[in-house]
Each structure stands twice: as structure tokens, then as C-alpha cells.
Amino acid sequence: MPDRTTHSARDLARDLARDHFGHDHLLPGQADVVEALAEGSDVLLVAPTGAGKSLTYLVAGRLLDGPVLVVSPLLALEQDQVDAVTRAPTEVAAARLSSVETPAQREEALARAAAGEVGYLFCSPELLADADVRAALGALAPVLVTVDEAHCVSAWGHSFRPDYQRLGALVADLGSPPVLAMTATAAAPVRDEIVERLRMREPRVVVTGFDRPEIELVVRRCRDADAQTSATRALVAEQHAAGHAGLVYARTRPAVEELAALLAEDLGGEHVAAYHGGMARRRREQVQDDFMAGRLDVVVATSAFGMGVDKPDVRFVVHAQVPGSPDTYYQEVGRAGRDGEAATAVMMYRPEDLALGRYFVGGVPSRTELRRTLDVVGGLTRADSLAAVDLAAVDPAAVADELPFGRRKAGRLLTLLELGRVRLDDGDPEPRAVVDSALEVAEAQQRLERSRVEMVRTYAETHRCRVEFLLAYFGEQHEPCGHCDACRAGTAADAHAEVERADHPFAPSTAVRHPEFGDGTVTDAEADTVTVLFDDAGYRTLDVRLAQEHELLTAR
DNA sequence: CGAATAAAAACTAGTTTTTATTCGGTGCTCTAGT
């Protein structure tokens, strides 16, 4: 229904983008997001880095003419955004609220926001968890809350940065303003989890393309750790000789240090540096700056390196060990070839490395821990019924005081209990039922994480086109790319043709049911196997013939 | 789960095999001491 109001909102948005931020026009996806926000909808924006996601909330802030709160995972990322707004033609200012700013600076920023001078406030989820900060921000009545790198809600919530899982409750406490969640990675379960955790209300979902035709994907199978190392060294030496800059990912800090030392021997120490979370902050900033400026050619890193790295001429990305999931793999690989020129991504695959991924998934809490947490909440809130309490909004520190475990764990337990309670859909559930339900949530999370690790194996061992496989994982259909190793070896075209010919009984996005794994959706189909994302069991790859013979998989 | 290290064992004094133990990623914030 392209009526006049829609048109004028779009025109106005374009004018605001030009006058305030110096952009002549909005891309179609950007305009869709701004328009939906203008109508008061929540929006989930899934778009690759460099697609101009931030312009959407910048323009929406001007259009709605009020303060925008941006929740962001990294202080450095926030500072980049503040600087960008400061450089823009707009009169409206941006400020960061973090532990780096003094209390006086924070108060000044809030006062200026109240006066309408500061239109964009950036803060971390941890700071938003502070009740005083939240009260001050709520008093500003933000017209929009943006959650940047929203996949962290899914990836980081469980135990690493638990305030991410509480974000939904924290935002609700600000008066439930409209929410814009932005991410560059989003397989179906990640999308669902973002929407659920942030408590988004029938969000408009805007997805832009994920295909990166300039990146050539290759998997090399390595017999042992030595073969892995020497293959990595040979490849990096070759790329470096060609004058290319690139990234090498390893899974542990010692592995990173070791590889960096070897590569320094090969290429000269001034060209290579290590980067991981255990290094001093100063040193890490130095390495990132040097790499961005071209003073360093190769960075060997753990997953710590990457967010906010937008260097256009990264020519290669090597995974010296397997990544933790297809999701992180595509994120890391996507840092190559941002300039659109050809780039190479090679995974040195050794199945034993998947063990580390399984370890990082972690365990589930015990029934006793959940029960004791629930009892403490009951004591704290004095509520007669669990129905009246938003468990995710309970302060974990208060719970942790009463129990022999820390704030972090308390936060995780509270979120699980809240998820378990909501899932029961019972007005006044028994504590025991809530505990059981929370445990099931935790186990389902664990199964999903483990199945993601397994999907890396499936990717590495497939004969199909790498691009076709990965994009299917993200819910996009794609023809064989023609330049990955499988395509060049000729196996990809055969595998693809077989699927086409086979009149496959389970096409992607078919809703299916399995007696053991429950309900799921087909994400990918090969000639003799089918990959299903089950609601409770995660990703599973099943043999089609076996499934049909034993009637294991039925359409629903 | 598996790799690296330490400790124990084992047709027995110096070296190899077996078993046990430890460790492993991502960052915010606040606090204490320089």
C-alpha cells in the first residue's frame, strides 16, 4: 500500500541522511528499516559489515526526533561510532557512557541528552544492568534502543557476559521503547534467540544478501598437528610473497603465540604479530592499528580479533584450526575481500580439533542450583506466586549474596529459570516444574551449540559447493559458486545435480517431525542426506533413505 | 574431548610405557596498589 505517508517518510529519511550525515541516499534495506521504525515497529536487521547498518538508527533518531540508546559490546566500537557522529555534518552530538568516562562526564552527557543536544548515547549491557544508570536513561524516554552486534545476545549470554541474556528485561525497564537489533550473522536459531531474548514484538525482519563471491573457500584436510602447522606456514609464506595481508585464526592463546613465532621466523618479525584476549590492552590496540594501517601484514589471533576490523584489503584468512561454528566461521572469513577484490579463505581441517569446540560449549547447571536460586528469589521478592515475578529482572548480585556461587552464575540461572517459566505457559507454576523446564532449556541450548560444532565437520567433509552449503545454513539458496575447492574438483556440480535430479522428498524449509528429535525444519538437502534444524535437538544430518525406510522423518 | 605434562609403574638404576592431572575463548566493571 504505497500511500503518501509512506512516501513522505522515505523522502524525509533521505533528506535527513543527506543533511545530517552526508549520505545522498539510503539503500533500499536501510529505507525499509527506517520506515518500519518510524511506524513504531521493532526491527531485526541482518546485514553484512560495511552495509551501512548504523545509518539506519542515526536517521531514525532524527526522524523520531529524540534520544537513541545504542547498546554495544565493545568500548572501542562505541568510540568509533561517537567519532563518526562527531565528524558528520549534524549538530546533534553523541556520547559514550562507560567505565572510561568519569561520573561527572556521564552526568554531563545525560544532562545534555535531556536538553536535546546529545541524540545518541552508547553503553554496554553491563552498565545498563546498573539500576541507577537505567533510571537515568529511562527518564530520557529514548525513542529507540539499538542493539548492535545482536548475535552476542545469543553467543555471549550463557556464561561469558550474562547481562546480554538479561537485555530484554533491562530494555523493558526503560519503558519498552522500540528495539532495533542489528547483526551480520543470523542462522535461523540465532535470529529466533535474538527476538526472544530482546523480547521483540512481531519484529519486521530485514535481511540483505550474504553471498561474498570474491572469497574463494578451501578446506584442506590435515593428518596431524604438524601437517596443520606446516600447511599454514607454507600458505602464509606464499600469500606474503605475493604482497598480501591476511589473518590466521587459531583456537587457543598458546597456539596463537606459537604460530606467530613460527611465522615471524618465516616472514620476519616486523611483519607478524599475535593477538588474543590475554594480552595487555595497549599492545592489542597497537596490533590492530598497525594491521589496519598496513604496518603489519599478518595477525595470528584467537576469536578475540575481528569485531570492528574493517580493513578493505585483507587478501586471505587461514583457519589453522577449525572454528567453533559455521556462524563464527563465516564472520571471520568475511573479513577478507571487503574491497571486492579476490580473496582466499582456507581451513586446515583436523577432526580432533572439534573436541575443543565441544569443550567450549560447557555444561548445564544442576537441578539443585536452579532450585536454590528459585528459593532465594522467593525470599527476596516475597511474592506469593511465581507468575508475578520477572526472574530475568531480578538483580543477580542480590541472589549471589545468598548462595555459594558468583553473580555471573546467578545471572545465568535466573535467565534460565525465566525462560523455563515462560515456556511453561502456566499462570501459577510449581517451583519444581519451573526448575525442570529451565533445565530442559539449558539442555536444548547445549544440544544446539554442540550441533553447531558438528556442522563444522559436515561443512569440512562435504563434497558440495562450500558456498552453497554455507548459504543454505544461513537460509539462502545458491547455485554452485564455481570457484571453491569442491567446485574446482568437480565434486560440487555432481552433488548439486544429484539433488536436483533426485526429486528430493525433503526440500529446504519443509517442516518435519522425528520420533526422537521432535519438530524441525529442513535447512539443506543433499542427494542422500538431509540436514534438519530441530527445535530442541539442534542441527542433525540424517540419511534420507534410512529416514524414509524407517519413517523417521515425516512432513508435518 | 584431546593435548601436554607430571607421576607412577615396570620382567629393575636409566629408559619406555601406562595412568592421572590439568588446561582450554570471547569483555565488561570495580578495586587496590603503583
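Throughout, protein chains are lettered first and strands after them, A, B, ... in sequence-line order, and every chain is numbered starting at 1.
- Rounded to whole Å, the C1' atom of B:dG14 lies 14 Å from the corresponding atom of B:dA9.
- Ion pairing between A:E449 and A:R452 holds under the 4.0 Å rule for side-chain N and carboxylate O.
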Please write out the pairs of protein N or O atoms and N or O atoms of nucleotides 19-23 of chain B separated by less than 3.5 Å, giving the distance to one decimal.
none

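- Using a 4.0 Å cut-off between charged nitrogen and carboxylate oxygen, A:K311 and A:D313 count as a salt-bridge pair.
- Salt-bridge formation is detected for the pair A:D310/A:R338: a Lys NZ or Arg NE/NH1/NH2 atom is positioned less than 4.0 Å from an Asp or Glu carboxylate oxygen.
- Counting only distance, with no hydrogens or angles, the side chain of A:R212 and the backbone of A:G334 share a donor-acceptor pair below 3.5 Å.
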Legend entry - Contact state string [nucleotides 26-34 of chain B, B base, S sugar-phosphate only, - no protein heavy atom under 4.0 Å]: BBSBS----
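- Between A:D353 and the options A:Q228, A:R457, A:H319, A:R251, a side-chain hydrogen bond (donor to acceptor under 3.5 Å, both in side chains) holds for only A:Q228.
- Between A:D163 and A:R407 there is a salt bridge, since a side-chain N of the basic residue sits under 4.0 Å from a carboxylate O of the acidic one.
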Protein-nucleic acid N or O pairs under 3.5 Å, nucleotides 2-5 of chain B:
none

Inset, instruction - Could you please spell out the steps behind the salt bridge (charged side-chain N to carboxylate O under 4.0 Å, His left out) verdict for A:R166 and A:E418? - result: CA-CA 10 Å; A:R166 300 179 62 213; A:E418 174 63 14; over 6 Å; no
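- Between B:dT17 and B:dT12, the two C1' atoms lie 14 Å apart (nearest whole Å).
- Among residues two or more places apart in sequence or in another chain, the ring pair (Phe, Tyr, Trp, His ring centres under 6.0 Å) test is passed with A:Y330 by A:F474.
- Remark: A:R197 fails to qualify as a cation-pi partner of A:Y164 under the 6.0 Å distance and 45° angle criteria applied to the six-membered ring.
- One atom, CZ of A:R457, and another, C1' of B:dC1, lie 11 Å apart when rounded to the nearest Å.
- Comparing B:dG33 with B:dT29, their P atoms sit 22 Å apart, to the nearest whole Å.
- Between the side chains of A:Y473 and A:D327, at least one donor N or O sits under 3.5 Å from an acceptor N or O.
- Between B:dC11 and B:dA4, the two P atoms lie 28 Å apart (nearest whole Å).
- Applying the ring pair (Phe, Tyr, Trp, His ring centres under 6.0 Å) criterion to A:H151, with sequence neighbours excluded, gives no partner residue.
- Between A:E454 and A:R358 there is a salt bridge, since at least one side-chain N of the basic residue sits less than 4.0 Å from a carboxylate O of the acidic one.
- Scanning DNA chain B for stems, defined as runs of 3 or more consecutive Watson-Crick or G-U wobble pairs whose donor-acceptor distances all fall under 3.5 Å, gives the following ranges: B:1-10 with B:15-24.
- One finds a salt bridge joining A:D390 and A:R199 here, because a Lys/Arg side-chain nitrogen approaches an Asp/Glu carboxylate oxygen to under 4.0 Å.
- Residue A:P254 is in sugar-phosphate contact alone, with no base atom involved, counting any heavy-atom pair closer than 4.0 Å across all strands shown.
- Rounded to the nearest Å, the gap between the P atom of B:dG27 and that of B:dT21 is 33 Å.
- At a cut-off of 3.5 Å, with distance as the only test, no side-chain donor of A:R450 or A:Y539 sits close to an acceptor on the other residue.
- For the P atoms, the distance linking B:dT5 with B:dG25 amounts to 15 Å, nearest Å.
- Comparing the same atom, C1', in B:dC30 and in B:dC23 gives a spacing of 28 Å after rounding to whole Å.
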